[in-house]
Undergrad: 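Once you've had a glance at the structure underneath, I'll fire off some questions.
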Amino acid sequence: MQIRFFNSLSNKVEDFEPVESGTVRMYSCGPTVYDYAHIGNFRSFLFSDLLRRFLEVAGYDVIHVMNITDVGHMTDDAVADGGGEDKMELAGRRLKEDKKSGKVEVGAVEDPSDPYQVARFYTDSFLSDGRQLGLKVAGEYPERMFHATEHIDDMQAMITELIDRGHAYVAEDGVVYYSVESFPGYGRLSGNTLENLQSGAGGRVLDEHQDQKKHPADFMLWKADSAHIMKWDSPWGEGYPGWHIECSAMARSRLERDVIDIHTGGEDLIFPHHECEIAQSCGATGSDSFAKFWMHVRFLLVEGEKMSKSQGNFYTVRDVLDGKVTGSAVHPAVLRYELTKTNYRKNMNFTSQGLQDSATAVRRLNDFSAKLEEQTGGEAAEIDNSHPVLAEFLSSMADDLNVAGALGALLPWASVSRMPSDPHEALAVLRKINQVLAVAPLESQDDASGEGSSTAGDGEEAVSGWCRELDAARADKDYDAADRLRDQIIEAGYDVSTSPEGTTAKKRLA
RNA sequence: GGCGGCAUGGCCAAGUGGUAAGGCAACGGUUUGCAAAACCGUCAUCCCCGGUUCGAAUCCGGGUGCCGCCUCCA
């Protein structure tokens, strides 16, 4: 099976081969932890998870790492190089407000003016969201997910290398800048070559107040600022690192290679972030490449509109799970399915209807899974990847993660009314597919979350009592009572199914 | 103004030269105390214009629309 991915570096679909046979090293730009992650963030993170899971099922050892950005982002957007205040500081003030108003539990953050506590709070939120949604790397914290603030040494070492190799300089104001003119490959990823940047600058202000820099596109590596809320000693004065350097430094130290296989992120990161990473990494290592494959996720729209706080269509993961979109609680597996079912290179349209569709599909896969488990007693056959459904599923995924094609193979097969002739084999196939999709069985998410499942158990007992009452009413031909009970169960968030064997109710997933 | 990406039925979406997968919704039927579920069946010529070809959703040229980046941002 030849795996092919679209490479943002060449804007072409290319055959994928890892640098080291059998092992894939991938780096994903992770969350910033001064706010809750939203569904757009998670589309990106789940894309990297799907990619990683697919590569694992395809037979690779995957070393997948993701950073947690807890330093280096500034609020002032008029000045790109360290203006305004640290977003962590702002987040601290907001948390303080939320604490007062009761939006954030007492005890969750003791001292909001401590940026490390703010980071800790939002890191925990992220890890909890991630684990619920089946994000493997979140379950591997802190081995494979780690904080930028714990890698300041690596960043400083890389900055030193860059200065030594003539790729960086200390400007008159004491700020360390990367010199883009020292790196001929600048612009290769984004198309924003120095030439293009210049010719495209018409009408736009390109840093006229950056007269300290040798070139307007030079970007900050270290800024001495003893007044800054988060600061470290350095050869260039007490201060903090630029935003881009953390990924270059951490990818190298954590993946232990100068050249890695795959680097992922949202499409907005192509420029300047990833362009700058390449310049830094290649500049420091002397290698002519940093990541062999760059894969970028397109943005998602919400009901056809851009997601924005002012439009009122801005959703965090917990908003969706709590039912802010659909009006009733959404199972994490449904959100995972919804956010991964559209190919990562297309803008996906996140809609309430889509969530409902996903819930139907997840239900279907789970019913199918449950029936197979029942038929086999959980005994799966030994299989390779040659089963027709599995083979088509994997070959679709191998084609630049064609999820829709893969689901096109899976869904018609996964039908409880046409059960496969060999359930042991089918169970093995489904389990393998679910290693990629991670939506059926649903329990895979519950282990990690720990919350919500206990209350669901209580509700289920009441509902199953109502089902027995409903059966009794129907036996008595007391249809008014039966209809009332049915409405009651539906009201409680369950789908009712009556059959000669009795009434059963299943929790609606969205 | 510069650099990229995308455009298939009501919705999600496969298909990369030979006469349009799959899912959801809808509609008709079977079933049902009624309904739901389930099952059977029905449902598109592919943004526009021009070209290449025996033949194009698929290749080429020109438009149009949408998305991202060029300033923090998945």
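Protein chains get the first letters and strands the later ones, always in sequence-line order, with residue 1 at the start of each. Keep in mind that the numbers below use all heavy atoms, side chains included, and drop hydrogens, waters and symmetry copies.
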Undergrad: Out of B:C24, B:G23, B:G68, which nucleotide sits closest to the side chain of A:Leu411?
TA: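 Closest of the options to the side chain of A:Leu411: B:G23.
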
Undergrad: Is there a donor and acceptor pair, one atom on the side chain of A:Arg364 and one on the base of B:C24, closer than 3.5 Å?
TA: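 Flag unset: no donor-acceptor pair detected.
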
Undergrad: If you only use heavy atoms from C-beta on, which nucleotide in B:C24, B:G68, B:C39 is closest to the side chain of A:Lys306?
TA: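 Side chain of A:Lys306 sits closest to B:G68.
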
Undergrad: For the residue pair A:His64 / A:Ser28, report whether a side-chain donor-acceptor contact shorter than 3.5 Å exists.
TA: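 Short answer, yes.
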
Undergrad: Could you check whether atom CZ of A:Arg188 has more than 12 heavy atoms from other residues, nucleotides or ligands sitting under 6.0 Å from it?
TA: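 Open.
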
Undergrad: Roughly, in whole Å, what's the span from CG in A:Asn347 to C1' in B:C67?
TA: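 Value for this atom pair: 4 Å.
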
Undergrad: So which nucleotide from B:C39, B:G2, B:G22 ends up closest to the side chain of A:Asn196?
TA: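 Nearest to the side-chain atoms of A:Asn196, counting from C-beta on, is B:G2.
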
Undergrad: Nearest of B:C24, B:G33, B:G4 to any side-chain atom of A:Ala482?
TA: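 In terms of side-chain proximity for A:Ala482, the closest of B:C24, B:G33, B:G4 is B:G33.
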
Undergrad: Is the distance from OP1 or OP2 of B:A14 to the nearest side-chain N or O of A:Lys346 less than 4.0 Å?
TA: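 So the side-chain polar atoms of A:Lys346 do come within 4.0 Å of the phosphate oxygens OP1 or OP2 of B:A14, strictly under.
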
Undergrad: Which residue, A:Leu470 or A:Phe42, contacts RNA chain B at a nucleotide closer to its 5' end, judged by nearest heavy atom?
TA: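 The residue whose closest nucleotide sits nearer the 5' end is A:Leu470.
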
Undergrad: Hey, which sits more toward the 5' end of RNA chain B by its nearest nucleotide, A:Gln356 or A:His244?
TA: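 Closer to the 5' end of RNA chain B: A:Gln356.
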
Undergrad: Please determine, for the side chain of A:Tyr479, which listed nucleotide (B:G33, B:G5, B:C39) has the closest atom?
TA: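 The closest nucleotide is B:G33.
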
Undergrad: Determine: side-chain N/O of A:Trp243 to OP1/OP2 of B:C73, distance under 4.0 Å, yes or no.
TA: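 For B:C73, OP1 or OP2 has a side-chain N or O of A:Trp243 closer than 4.0 Å.
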
Undergrad: In whole angstroms, how far is the P atom of B:G4 from the CH2 atom of A:Trp294?
TA: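 In whole Å, B:G4 P lies 18 Å from A:Trp294 CH2.
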
Undergrad: So, does the side chain of A:Asp483 form a donor-acceptor pair with the base of B:G33 at under 3.5 Å?
TA: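 A donor-acceptor contact between them is present.
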
Undergrad: For A:Glu303 and A:Asn313, test the side chains for any donor-to-acceptor distance below 3.5 angstrom and give the result as yes or no.
TA: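 The answer is no; no qualifying pair exists.
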
Undergrad: Under 4.0 Å: is that the gap between some side-chain N or O of A:Thr342 and OP1 or OP2 of B:A13?
TA: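 Yes.
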
Undergrad: Ignoring the backbone of A:Asn349, work out which of B:A14, B:C24, B:C12 is nearest its side chain.
TA: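 The closest nucleotide is B:C12.
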
Undergrad: Let me know the distance between CG of A:Asp268 and P of B:C67, rounded to the nearest Å.
TA: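 In whole Å, B:C67 P and A:Asp268 CG are 15 Å from each other.
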
Undergrad: Just how far, in rounded Å, is C1' of B:G68 from CG of A:Leu300?
TA: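 Roughly 13 Å, once rounded to whole Å.
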
Undergrad: Please check if the side chain of A:Arg4 supplies one atom and the backbone of A:Glu14 the other of a donor-acceptor pair under 3.5 Å.
TA: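 Side chain of A:Arg4 to backbone of A:Glu14, a donor-acceptor pair under 3.5 Å: no, none is there.
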
Undergrad: Could A:Arg53 and A:Asp49 be called an ion pair, given the rule that one side-chain N must be under 4.0 Å from one carboxylate O?
TA: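 Yes.
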
Undergrad: From B:C70, B:G33, B:C67, pick the nucleotide closest to the side chain of A:Asn192?
TA: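 Out of B:C70, B:G33, B:C67, the nucleotide with an atom closest to A:Asn192's side chain is B:C70.
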
Undergrad: Which listed nucleotide (B:A13, B:G5, B:A36) is nearest to the side chain of A:Ser497?
TA: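 Shortest atom-to-atom distance from the side chain points to B:A36.
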
Undergrad: Closest approach to the side chain of A:Thr32, judged atom by atom: which nucleotide of B:G22, B:A74, B:G5 is it?
TA: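 Nearest to the side chain of A:Thr32 among the choices is B:A74.
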
Undergrad: Can you tell which of B:G4, B:A14, B:G22 lies closest to the side chain of A:Asn11?
TA: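 Closest of the options to the side chain of A:Asn11: B:G4.
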
Undergrad: Picking from A:Thr340, A:Ile39, A:Asn41, A:Leu335, what satisfies side chain to side chain contact (heavy atoms under 4.5 Å, CB included) with A:Leu46?
TA: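 By the side chain to side chain contact (heavy atoms under 4.5 Å, CB included) criterion, A:Leu46 pairs with just one of A:Thr340, A:Ile39, A:Asn41, A:Leu335: A:Thr340.
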
Undergrad: Can you find a side chain N or O atom of A:Ser417 that sits less than 4.0 Å from OP1 or OP2 on B:A38?
TA: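 Checking A:Ser417 against B:A38: no side-chain N or O falls below 4.0 Å of OP1 or OP2.
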
